[in-house]
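In the text below, chain A, chain B and the rest are named by the order of the sequence lines, each starting its count at 1. Fair warning: this is a prediction, and the values are worked out from it, not measured in the lab.
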2 protein chains.
Amino acid sequence: MLPTIAWKEGTIVMIDQRKLPAEEVYVTCRSYQDVAEAIEKMVIRGAPAIGVAAAYGLALGLWTLKQSEDRQAAFNRIFLRLEKTRPTAVNLFWALKRMKRVFEENMDISFERLKQRMLDEALSIEREDIETNKKIGIWGEGLIHDGQIILTHCNAGALATAGFGTALGVIRAAFSKGKKIRVFADETRPFLQGARLTCWELNRDGIPVVLITDNMAGYLMLKGEIDAVITGADRIAANGDTANKIGTYTVAVLAKEHNIPFYVAAPLSTVDFDKTDGSGIPIEEREPEEVRKIGGSCLTVPGIDVRNPAFDVTPARFITAIVTEKGVAYPPYKKNLRYS
Amino acid sequence: MLPTIAWKEGTIVMIDQRKLPAEEVYVTCRSYQDVAEAIEKMVIRGAPAIGVAAAYGLALGLWTLKQSEDRQAAFNRIFLRLEKTRPTAVNLFWALKRMKRVFEENMDISFERLKQRMLDEALSIEREDIETNKKIGIWGEGLIHDGQIILTHCNAGALATAGFGTALGVIRAAFSKGKKIRVFADETRPFLQGARLTCWELNRDGIPVVLITDNMAGYLMLKGEIDAVITGADRIAANGDTANKIGTYTVAVLAKEHNIPFYVAAPLSTVDFDKTDGSGIPIEEREPEEVRKIGGSCLTVPGIDVRNPAFDVTPARFITAIVTEKGVAYPPYKKNLRYS
């Protein structure tokens, strides 16, 4: 599996997720502004992946700084720019805060050493994310049984993370244990992460995958063709309410109606313990053209009014279990997500 | 409003619904085979509209017949070809049966008079469909209240019928009564009838419409932004189970979860009293490329496995009321759809 993002000689290289699977193109970010734009324009997306990108962006911002500049002022400028790229996924803020702590703890070392220390921290965040996903896979694969058909929404795979994936990590772990599973991938309009990224990833790994449009899951559940649902998350409140790609809530309602388990897989860095429930999670509304167009062609009346919420919040009561690197948490999540 | 379909000097002219709204192109059918292909390829679609098209197709098949040919053999050939175009919408079979009865009742008249009689019947089917839709509008508009926001799925408008529409007919009737309503239109993948046709129709009529992707309705319902749902139907079983465009069932489940009324609007010709429930309604699976592509571009891994059921069946327990030209039927539909 190609890495989603990598540090390369003072630049950050990302696979352009807008172009997959038609083209495997890499984007090179030479400044923190480039990284911020790449996050905003979804060159890179997926909550853990944008956390890693933000950490690298901070490191790159300092890396490219002149010795003579005020490093505290520069840090603040870079931090604020990266912080305002996307509002919903909490991993972005989690990674920035972690980088900020390292910066503040190392104010007195030389600038050269500080830059290296910040880069090391970003590299650690990337490496730990992969390890975390492997642990999520180990815990989660026990929920998936031989012969089952699993529905997933959006892409919570290697591309949404530093590698391996969260929801797709669980699927990869179950598959590599020899469980004969099959996956239905929701295409996930408007950005088509399911059609473009999940199908591409699973197909490369030889995991059987069938593409459906977002409005077909209900039909398949009613016919008994789906055994479990697993998705990633962009932000989980302390009570288990989960923000994830738009459409996740609909899938969760359908799963409950058909008594199908609905699982969320995410690192603990996705849990926002400061939010008591999902009502405080900001939901990004993106530009209307994403809904009006696919691949440059307008699919509707030009300029027609559009809504484009990029996420929704699934109340905890619809979620059977949440898988993190620490284990499988069942309700009540307020107590069980703390692993105390 | 332009007519969906019209008889014109021994040909049938249809607006090409695959090209809307980018282009207003008309297709001229010069043989019954042309009509059959137009139905199969969805140049024309929508249950009542394909009923009208099939009736015209039968008339055209006889119209273009040579005097010397065996008219019974020809009729059977034309009938069988049109009958196998699409399996789910019952209006196709209803219209063909109605035409067959007229053919059989007029075996002894001259061939010229028979051809005219058959054409007159097709014209009647078209004219009656518009009248029926207006009646559905009158009955149904009472269900829609001033200031409400209505969700519709697919296109059950003028383009899905001979004119005016069923679900959109109800919306048109409410709007023309001065009720300040707004409409959310599901884009309705894979064929995008909502994005392409419903938005186009409502926008032309000045009825406020907002386009959403199919996975957004749950989010909007949870936020209290949808007051009622109304859709058309392709086939309604005697107990009220309703086959309609894929995704309708999902919307119905969501509506029930949020205590939002879910209405179906359709002519009685859509009710198949021979089917006691929805389990006997055949569901068309269409070609995979419809899901893999939009506007000629592949959106996923070429050749990836796909499911493409074109319809689903919403069990009657999810349906608040069914509006026909005879009135508003509430459960139990088995009794109340007969208007006895």
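- A distance of 10.0 Å separates CZ in A/Arg292 from SG in B/Cys199, rounded to the nearest 0.5 Å.
- We find the CZ-CG distance between B/Arg196 and A/Leu299 to be 9.0 Å, quoted to the nearest 0.5 Å.
- The choice from B/Pro190, B/Pro309, B/Ala22 that makes the most heavy-atom pairs within less than 4.5 Å of chain A is B/Pro309.
- B/Met216 CE to A/Arg307 CZ: the interatomic distance, rounded to the nearest 0.5 Å, is 9.0 Å.
- Both the backbone and the side chain of A/Tyr219 come within contact range of chain B, each with at least one heavy atom under 4.5 Å from a heavy atom of that chain.
- Only the side chain of A/Ile283 has a heavy atom closer than 4.5 Å to any heavy atom of chain B.
- Only the side chain of A/Ile304 comes within less than 4.5 Å of a heavy atom in chain B; its backbone stays farther off.
- The candidate with the highest count of non-hydrogen atom pairs below 4.5 Å against chain B, out of A/Thr188, A/Val313, A/Asp186, A/Val209, is A/Val209.
- With a 4.5 Å cut-off on non-hydrogen atoms, A/Phe311 touches chain B through its backbone but not through its side chain.
- A distance of 9.5 Å separates OG1 in A/Thr250 from CG in B/Leu222, rounded to the nearest 0.5 Å.
- Of all non-hydrogen atoms in A/Thr300 and B/Ala195, the two that sit nearest each other are OG1-O, 2.5 Å.
- Atom CG of B/Leu192 sits about 7.0 Å away from atom CZ of A/Arg189, to the nearest 0.5 Å.
- Under a 4.0 Å N-O distance rule, the pair A/Glu257/B/Lys256 does not qualify as a salt bridge.
- The environment of CZ in B/Arg182 is sparse: at most 12 heavy-atom neighbours from other residues, nucleotides or ligands sit within 6.0 Å.
- Residues passing the side chain to side chain donor-acceptor pair (under 3.5 Å) test with A/Asp272, sequence neighbours excluded: A/Arg235.
- No other option in A/Asp312, A/Thr198, A/Leu211, A/Asp214 has as many heavy-atom pairs under 4.5 Å with chain B as A/Leu211.
- Heavy atoms of A/Glu290 lying under 4.5 Å from chain B are absent altogether.
- The number of heavy-atom neighbours closer than 6.0 Å to NZ of A/Lys179, taken from other residues, nucleotides and ligands shown, is above 12.
- Neither the backbone nor the side chain of A/Val251 comes within less than 4.5 Å of any heavy atom in chain B.
- Ranked by non-hydrogen atom pairs under 4.5 Å with chain B, the options A/Asn203, A/Leu20, A/Ile246, A/Thr213 are led by A/Ile246.
- Of the two parts of A/Leu197, neither the backbone nor the side chain holds a non-hydrogen atom closer than 4.5 Å to a non-hydrogen atom of chain B.
- For the pair A/Asn215 (side chain) and B/Thr248 (backbone), a donor-acceptor distance under 3.5 Å is absent.
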Evaluate side chain to side chain contact (heavy atoms under 4.5 Å, CB included) for B/Ile212 paired with A/Val291, printing each intermediate quantity in order. CA-CA 7 Å; B/Ile212 57 173; A/Val291 172; over 6 Å; no

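- In plain terms, the two heavy atoms of A/Val210 and B/Val306 that are nearest each other are CG1-C, 3.8 Å.
- Interface residue A/Asn308: backbone and side-chain heavy atoms are both found under 4.5 Å from chain B.
- In this structure, CG on A/Leu220 lies 11.5 Å from OH on B/Tyr249, to the nearest 0.5 angstrom.
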